[in-house]
Structures are given as structure tokens and as C-alpha cells.
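Only heavy atoms go into these numbers, but all of them, side chains included; no hydrogens, no water, no symmetry mates.
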Amino acid sequence: MTCGVERWKGRKAVRCAKSIKCARPIKCAKSVKSEKEGAWEAPVLVTGLSKSYSGKKVIENLNLRIGPGQIYGLLGANGAGKSTAVECMLGTRRADSGDVRILGLDPVKERRQLFEQVGVQFQEANYPDRIKVAELCQETACLYEKTADYRDLLRQFKLEDKADSMISQLSGGQKQRLFIILALIPKPKVVFLDELTTGLDTKSRREVWKCLLEMKSQGLSICLVSHFMDEVEMLCDRIGILRDGTFVFEGTVKEAVDNSPYSNLEDAYLWWTQEEENK
């Protein structure tokens with residue numbers, strides 16, 4: 001069985017206003033701290049992160065900080081650089097330049113030590129349909145030295161009665177809760193979640209949101225990649241909006257709205273990203 005977390009372990013390594021054309025990133029003054037201070041206080045600290053493919057910049061000079069017990073939303077249109085940014089932060093893809101520290105560790109040079117403290121749910125998680133829930137949890141736990149009891153996690157996320165069910169028998173919401181459980185098995189301090197609620201109905205999405213808020217209340221730091229503005233408003237303490245590989249905005253949801261011509265996040269997001277203008 002090959003899953004995202006195994007691949008990571010094995011790596012060596014809305015509308016738009018005309019005035020937005022020269023938009024520059026907005027930052028809240030309160031969030032500006034020295035790198036040395038942030039390195040010790042922030043579970044995730046990224047400075048000057050850049051990556052190119054065949055000479056084309058995919059992400060350029062990204063700076064972000066995720067505090068303890070904070071949910072950070074990474075936003076942007078398809079192709080804006082979100083997946084590359086996450087891969088570079090995790091060390092599964094080498095950045096051209098910049099510095100990343102997760103829990104004070106270099107994700108490339110100290111990969112094994114970091115692997116034991118970070119949970120990851122990739123957008124495309126491929127698991128055999130005919131493996132049982134409990135078996136998948138056991139397989140995942142085998143990858144780590146210290147783990148949470150998966151049975152406790154199944155109870156916490158209301159899946160204890162599905163322990164002997166095949167993955168193929170789970171609903172969409174149940175699968176997503178299971179993917180959260182798999183990310184929590186190593187008892188991480190930081191979790192990366194990629195498009196967690198895509199394809200779910202309203203009830204299932206709200207169930208997943210509740211799970212994330214419970215994780216946050218337990219002090220976990222979460223990086224959440226999402227396209228859903230209602231989700232972002234409900235969950236995120238801070239957000240970064242990518243356009244063409246750079247942050248055009250980084251701050252709180254309220255600041256994103258207040259610094260746009262609009263009164264709601266969905267329209268403000270489209271203004272920042274110029275998505276409607278480019279149609």
C-alpha cells in the first residue's frame with residue numbers, strides 16, 4: 001500500500017476593481033515579528049520561500065507564520081502555487097531559496113525527526129477500498145515510533161462503529177473524518193490539510209469543521225488549503241491569498257475584507273485574485 005504519508009517519509013530530501021492591477025500584499029502590523037522571535041514562538045515559520053520550474057516562478061518570496069493552536073488558510077485559484085508551497089514547506093519538494101522551520105526543524109535536513117511530529121492529509125489520498133478502517137489505522141501507526149491510540153480517535157470522531165468496515169463502505173464525510181484520524185495518529189503538533197471538504201454535502205462539511213475546531217482547541221497548529229470561503233470564515237484565524245505564486249494578501253479574514261472594496265469574503269477574495277477579471 002502506498003499512501004501520501006509513506007511517500008513523504010521516503011523522500012530524500014467578487015468581482016474585480018480596475019485598481020487591483022498593482023495590488024501589493026497587506027500585512028497587519030501586529031503580526032510583524034523578528035525572525036528570531038518567531039522561530040521559537042511559531043510552530044510554522046516560512047521566510048522568502050521561492051520555487052521555479054524550467055525558469056518559471058511558481059512561488060516567489062512567500063512569508064507566513066502559523067502560531068500555536070491557530071488555523072491558517074492558504075487560498076488561491078488553481079495553479080496559484082498552493083500545492084507547491086505546501087510541498088516545499090513539508091520538504092517533499094526542494095525550494096530554490098528561502099527558509100522553512102516547522103517546530104524549529106528544517107523539513108529537508110531533519111525530515112525523520114519532523115515526520116514524527118507532523119500530520120498530513122493530501123488532497124488525493126489513495127487507499128485500497130477493501131482494507132478495513134482498523135487495519136488502515138494500524139498500518140499507519142506502524143510508520144511511527146510514538147502514536148495515539150487509534151481506537152480513542154475513532155471514538156472521538158464518532159467512527160468507532162466503523163472499525164471493521166471496508167473503506168469503500170464509508171460515506172464521504174466518514175472518509176474525511178478517517179483521513180483526519182490518520183493525520184492525528186502520530187500525535188502531531190502541526191497538521192497540513194489539503195482541500196479536506198471537496199465533494200462533501202453540507203452536513204458532512206459541518207461535521208469535518210467541528211473536528212477541526214476540536215483539534216484547534218487542543219492546541220494543534222493547522223495549515224488548511226481550501227477553496228470554500230464559508231469554510232475559511234468559520235475556521236481560519238489568518239489567511240494568505242496567492243496570485244501567480246505570490247501573496248497579494250496575508251492577514252485576518254476581516255483585514256482581507258476591509259482592505260477590499262467589498263463587504264464579504266467571497267467578493268473580496270475574487271477581487272484580490274482577479275479571478276473574475278480574467279474570465
Side-chain angles (χ1 to χ4, degrees), residues 3-5 8 31 38-46 64-74 86 89-90 100-105 107 113-123 125 133-134 136-138 140-163 173-197 200 203-226 228 230-240 252-253:
C3 62
V5 73
W8 177 31
S31 69
W40 293 106
E41 291 187 358
V44 178
L45 185 66
V46 178
L64 66 89
R65 177 185 185 277
I66 306 178
Q70 198 173 66
I71 299 180
Y72 187 99
L74 190 59
V86 170
M89 282 190 273
L90 288 171
V100 177
R101 288 293 181 270
I102 300 178
L103 303 172
L105 300 173
Q113 188 178 352
L114 185 63
F115 173 79
E116 296 289 338
Q117 302 180 69
V118 175
V120 180
Q121 173 268 326
F122 290 100
Q123 183 176 358
V133 168
L136 181 56
C137 291
Q138 292 163 5
T140 301
C142 287
L143 300 172
Y144 304 94
E145 293 180 5
K146 297 179 181 179
T147 63
D149 190 326
Y150 75 87
R151 290 162 294 195
D152 291 338
L153 291 172
L154 289 175
R155 281 191 290 271
Q156 179 183 346
F157 292 100
K158 297 180 174 57
L159 286 178
E160 67 272 23
D161 60 335
K162 299 295 181 180
Q174 290 169 340
K175 285 182 180 179
Q176 296 300 63
R177 277 183 281 157
L178 175 60
F179 296 156
I180 294 176
I181 289 171
L182 298 178
L184 293 179
I185 282 178
K187 297 199 291 190
K189 297 176 182 176
V190 177
V191 178
F192 287 80
L193 304 173
D194 190 3
E195 300 290 356
L196 191 62
T197 63
L200 299 186
K203 180 182 178 182
S204 296
R205 291 180 68 219
R206 290 184 179 275
E207 288 175 349
V208 172
W209 292 355
K210 183 179 179 181
C211 294
L212 296 185
L213 291 173
E214 287 177 1
M215 292 163 59
K216 174 184 174 180
S217 70
Q218 295 168 7
L220 277 90
S221 300
I222 302 171
C223 180
L224 175 68
V225 178
S226 179
F228 300 111
D230 57 340
E231 180 170 277
V232 170
E233 286 186 287
M234 173 66 69
L235 300 175
C236 296
D237 300 288
R238 296 182 65 79
I239 61 174
T252 67
V253 169

Are more than 12 heavy atoms from other residues, nucleotides or ligands located less than 6.0 Å from atom NZ of K189?
->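 Counting other residues, nucleotides and ligands, NZ of K189 stays at 12 neighbours or fewer.
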Going through the distances and angles, do K162 and L178 end up as a side-chain contact (heavy atoms from CB on, under 4.5 Å)?
-> CA-CA 10 Å; K162 299 295 181 180; L178 175 60; over 6 Å; no
Atom of [X], atom of [Y] and distance for their closest heavy-atom approach:
X	Y	value
S221	P68	OG-CA, 3.4 Å
I239	C236	CG2-CB, 3.9 Å
V208	L196	CG1-CD2, 3.3 Å
P186	L182	CD-O, 3.8 Å
G119	P188	N-CB, 3.4 Å

Is a donor on one side and an acceptor on the other found under 3.5 Å between the side chain of Q121 and the backbone of D194?
->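 The answer is yes, because a donor-acceptor pair under 3.5 Å joins these two groups.
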Mark yes or no for whether Q70, through its side chain, and D237, through its backbone, hold a donor-acceptor pair below 3.5 Å.
->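 Not confirmed, Q70 side chain does not pair with D237 backbone.
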Looking at side-chain heavy atoms only, is the closest gap between [X] and [Y] below 4.5 Å?
X	Y	result
C223	I66	yes
L90	P107	no
L103	P43	yes

So, taking the atom named [atom1] in [X] and the one named [atom2] in [Y], what distance separates them when rounded to the nearest 0.5 Å?
X	Y	atom1	atom2	answer
K187	Y144	NZ	OH	13.5 Å
R206	L213	CZ	CG	11.5 Å
Q156	R177	CD	CZ	11.5 Å
K216	I71	NZ	CD1	5.5 Å
T140	I185	OG1	CD1	5.0 Å
E233	F228	CD	CZ	14.0 Å

Under the side-chain hydrogen bond (donor to acceptor under 3.5 Å, both in side chains) rule, collect the residues that match up with E231, sequence neighbours excluded.
->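 For E231 the side-chain hydrogen bond (donor to acceptor under 3.5 Å, both in side chains) partners, ignoring immediate neighbours, are T197, W209, S226.
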Going through the checks in order, is the side-chain contact (heavy atoms from CB on, under 4.5 Å) test met by L193 and L212?
-> CA-CA 10 Å; L193 304 173; L212 296 185; 3.2 Å; yes
For side-chain contact (heavy atoms from CB on, under 4.5 Å), just list the numbers for E207 and K158, CA-CA rounded to whole Å, side-chain angles, deciding distance to a tenth of an Å, and then say yes or no.
-> CA-CA 10 Å; E207 288 175 349; K158 297 180 174 57; over 6 Å; no
May I have the step-by-step check of side-chain contact (heavy atoms from CB on, under 4.5 Å) for V133 and L159, ending in yes or no?
-> CA-CA 9 Å; V133 168; L159 286 178; 5.7 Å; no
